[in-house]
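A short worksheet on the structure shown next.
Along the sequence shown, the residues carry numbers beginning at 1. We count ligands from 1, going down the list as the structure has it; atoms in each ligand are counted the same way.
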Amino acid sequence: MKKNVKIDDFLKDVKKLGIAGHVRPDGDCIGSCMGLYLYIKENYPHIESHVYMEKIMGKFDYIKDIDKVENEISDTGFDLFISIDLSDRERMAVAGEEFAKTEKTLCIDHHVSNTGFGLYNHVVPDASSSCEVLYDMLDEDKISRDTATALYTGIIHDSGVFKYESTTEHTMNIAGKLMSLGVDFPAIIDEGFYEKTYVQNQILGRALLESILLLDGKCIFSAVNKQEMEFYGVTPSEMGGVVEQLRLTAGVECAIFMYETAHMEYKVSLRSKKYVDCNAVAGYFGGGGHIRAAGCTLRGTVHDVVNNILIHIEKQLKEKGLL
Ligand code: AMP
Ligand code: MN
Ligand code: MN
């Protein structure tokens with residue numbers, strides 16, 4: 001792990017800073033954007049920072065200054081723009097145009113599919129989360145409890161509470177350090193990660209009920225269309241967790257979950273346990289992510305979309321002698 005890259009090196013002469021995450025921000029995106037925002041506010045008070053993300057779910061209200069997140073951009077003239085947890089420039093929410101106009105840009109990330117779209121890039125693909133990458137760029141002695149709370153949130157979300165393969169001894173050491181700063185870890189894990197709203201549980205139940213086993217039970221698939229989402233009153237950012245539950249099905253190696261984002265357009269999420277390279281599959285369709293968790297957007301009927309994806313999963317399972 002590259003540990004010698006420090007955020008301080010990028011902040012010289014910076015008076016105005018922009019921070020941006022990805023569309024439909026998840027716990028790691030929110031935790032890393034807010035962790036950086038709070039750290040800079042506390043340790044570099046002369047820097048005017050702006051943090052840009054799409055609307056954030058109420059359950060993250062425990063993160064300090066979450067109300068300072070801007071859903072629209074009106075400022076300009078940034079000395080530095082930092083993108084965090086963003087694998088692909090196209091997925092930047094809110095601040096894309098200003099990022100493009102800014103000369104000095106820094107990309108902090110952990111996606112294996114990230115090709116480095118910033119002037120400077122600090123991408124650590126084997127890190128559990130962007131929060132882990134960011135932690136290593138900070139001065140440990142200058143991390144407050146508020147910053148620690150944001151960083152702990154991202155680690156919890158992207159490691160699935162320390163269970164995904166990307167979790168390492170280093171991840172656990174960082175979590176321990178953050179714990180020692182007094183983060184309320186039971187609440188971050190229970191309320192921030194596991195808790196679901198009533199409608200989230202309903203759509204989860206529906207998706208599980210309608211799921212189909214494919215490829216000899218090695219693959220599971222489910223889809224939710226726009227009408228169903230409207231019926232239950234759930235938004236795309238509330239769909240997290242469905243594909244993770246599908247993945248847990250006994251005997252399944254790979255889970256596919258998709259929901260309709262526009263007429264005949266589906267956001268696809270892929271998760272695997274040990275063998276399928278989800279990033280490679282999503283990559284065929286212009287998406288990306290990590291080896292065991294990736295996503296992409298496809299157009300067509302549910303039938304077409306799932307068949308197109310299955311071809312690649314089947315090929316991988318056959319190559320690995322699992323089919
Ligand atoms: P999701 O299935 O949307 O939860 O995404 C799983 C992982 O893949 C996350 O780390 C995302 O940031 C990443 N990802 C999802 N969709 C895309 C995409 N279209 N392009 C690149 N990365 C993606
Ligand atoms: Mn993310
Ligand atoms: Mn992440």
>> Counting only heavy atoms, tell me which of Ala294, Gly288, Ser129 gets closest to atom 14 (N) of ligand 1.
In response: Gly288
Using a 3.5 Å cut-off and no angle test, enumerate the donor-acceptor pairs between side-chain atoms of residues 234-247 and protein atoms at least two apart in sequence or in another chain.
from: Thr235; atom 1: OG1; to: Ser237; atom 2: OG; distance (Å): 3.4
from: Thr235; atom 1: OG1; to: Glu238; atom 2: OE1; distance (Å): 3.0
from: Glu238; atom 1: OE1; to: Thr235; atom 2: N; distance (Å): 2.8
from: Glu244; atom 1: OE1; to: Gly241; atom 2: N; distance (Å): 3.2
from: Glu244; atom 1: OE2; to: Arg271; atom 2: NE; distance (Å): 3.0
from: Glu244; atom 1: OE2; to: Arg271; atom 2: NH2; distance (Å): 3.2
from: Arg247; atom 1: NE; to: Ser272; atom 2: O; distance (Å): 3.1

> Is it true that Asp65 and Lys41 have a side-chain N and a carboxylate O under 4.0 angstrom from each other?
Replying inline: yes
>> Closer than 4.0 angstrom, basic N to acidic O: yes or no for Lys59 and Glu191?
In response: no
Would you mind writing out the side-chain donor-acceptor pairs for residues 83-96 within the sub-3.5 Å range, not counting sequence neighbours?
from: Asp85; atom 1: OD1; to: His110; atom 2: NE2; distance (Å): 3.2
from: Asp85; atom 1: OD1; to: Ser130; atom 2: OG; distance (Å): 2.9
from: Asp85; atom 1: OD2; to: His22; atom 2: NE2; distance (Å): 3.0
from: Asp85; atom 1: OD2; to: Cys29; atom 2: N; distance (Å): 3.3
from: Asp88; atom 1: OD1; to: Glu90; atom 2: N; distance (Å): 2.9

>> Working to the nearest 0.5 angstrom, can you tell me the gap between Ile108 CD1 and Ile7 CD1?
In response: 4.0 Å
> Atoms of ligand 1 less than 4.0 Å from Gly287 heavy atoms?
Replying inline: 18 (C), 19 (N), 20 (N), 21 (C)
> What are the protein N/O/S atoms, named by residue and atom, that sit under 2.8 Å from the Mn ion (ligand 3)?
Replying inline: Asp28 OD2, Asp85 OD1, His110 NE2, Asp158 OD2
> Would Tyr266 and Tyr259 count as a ring-ring contact (aromatic ring centres under 6.0 Å, His included) if you check the C-alpha gap in whole Å, the side-chain angles of each, and the deciding distance to 0.1 Å?
Replying inline: CA-CA 5 Å; Tyr266 289 87; Tyr259 60 85; 8.7 Å; no
> ligand 1 versus Cys296, non-hydrogen atoms closer than 4.0 Å: side chain, backbone, both, neither?
Replying inline: backbone
> Thinking salt bridges, do Arg292 and Glu165 make one under a 4.0 Å N-O criterion?
Replying inline: yes
>> For Lys267, state whether at least one heavy atom is located under 4.0 Å from any atom of ligand 1.
In response: yes
> Can Ser113 be said to touch ligand 1, with heavy atoms closer than 4.0 Å?
Replying inline: no
>> Show the atoms of ligand 1 that are less than 4.0 angstrom away from any heavy atom in Ser269.
In response: 1 (P), 2 (O), 3 (O)
> So Phe99 and Phe81, would you call those rings parallel, tilted or perpendicular, with 30° and 60° as cut-offs?
Replying inline: perpendicular
> Can you tell if the side chain of Lys12 reaches within under 4.5 Å of the side chain of Asp8, non-hydrogen atoms only?
Replying inline: yes
>> Among all protein heavy atoms in this structure, tell me which lies nearest to atom 7 (C) of ligand 1, with the distance rounded to 0.1 Å.
In response: Ala293 O, 3.6 Å
> Of all the N, O or S atoms in His22, which one sits nearest to the Mn ion (ligand 2)?
Replying inline: NE2
> Do His312 and Phe285 have ring centres separated by under 6.0 Å?
Replying inline: yes
> Who's closest to atom 4 (O) of ligand 1 heavy-atom-wise, of His290, Arg271, Arg292, Arg24?
Replying inline: Arg271
> Which atoms of ligand 1 sit under 4.0 Å from any heavy atom of Ser87?
Replying inline: 21 (C), 22 (N)
> Tell me, which protein residue and heavy-atom name are nearest atom 17 (C) of ligand 1, and how many Å apart are they?
Replying inline: Gly295 O, 3.3 Å
> How would you list all residue pairs meeting salt bridge (Lys or Arg N to Asp or Glu O under 4.0 Å) that involve residues 248-266, not counting sequence neighbours?
Replying inline: Glu265-Arg299
> For Phe78, is the NZ or CZ atom of Lys16 found under 6.0 angstrom from the centre of its six-membered ring and inside 45 degrees of the ring axis?
Replying inline: yes
> Which of the atoms of ligand 1 are close to Gly289, meaning less than 4.0 Å from one of its heavy atoms?
Replying inline: 8 (O), 13 (C), 22 (N)
> Can you tell me the protein heavy atom closest to atom 12 (O) of ligand 1 and the distance?
Replying inline: His111 NE2, 2.9 Å
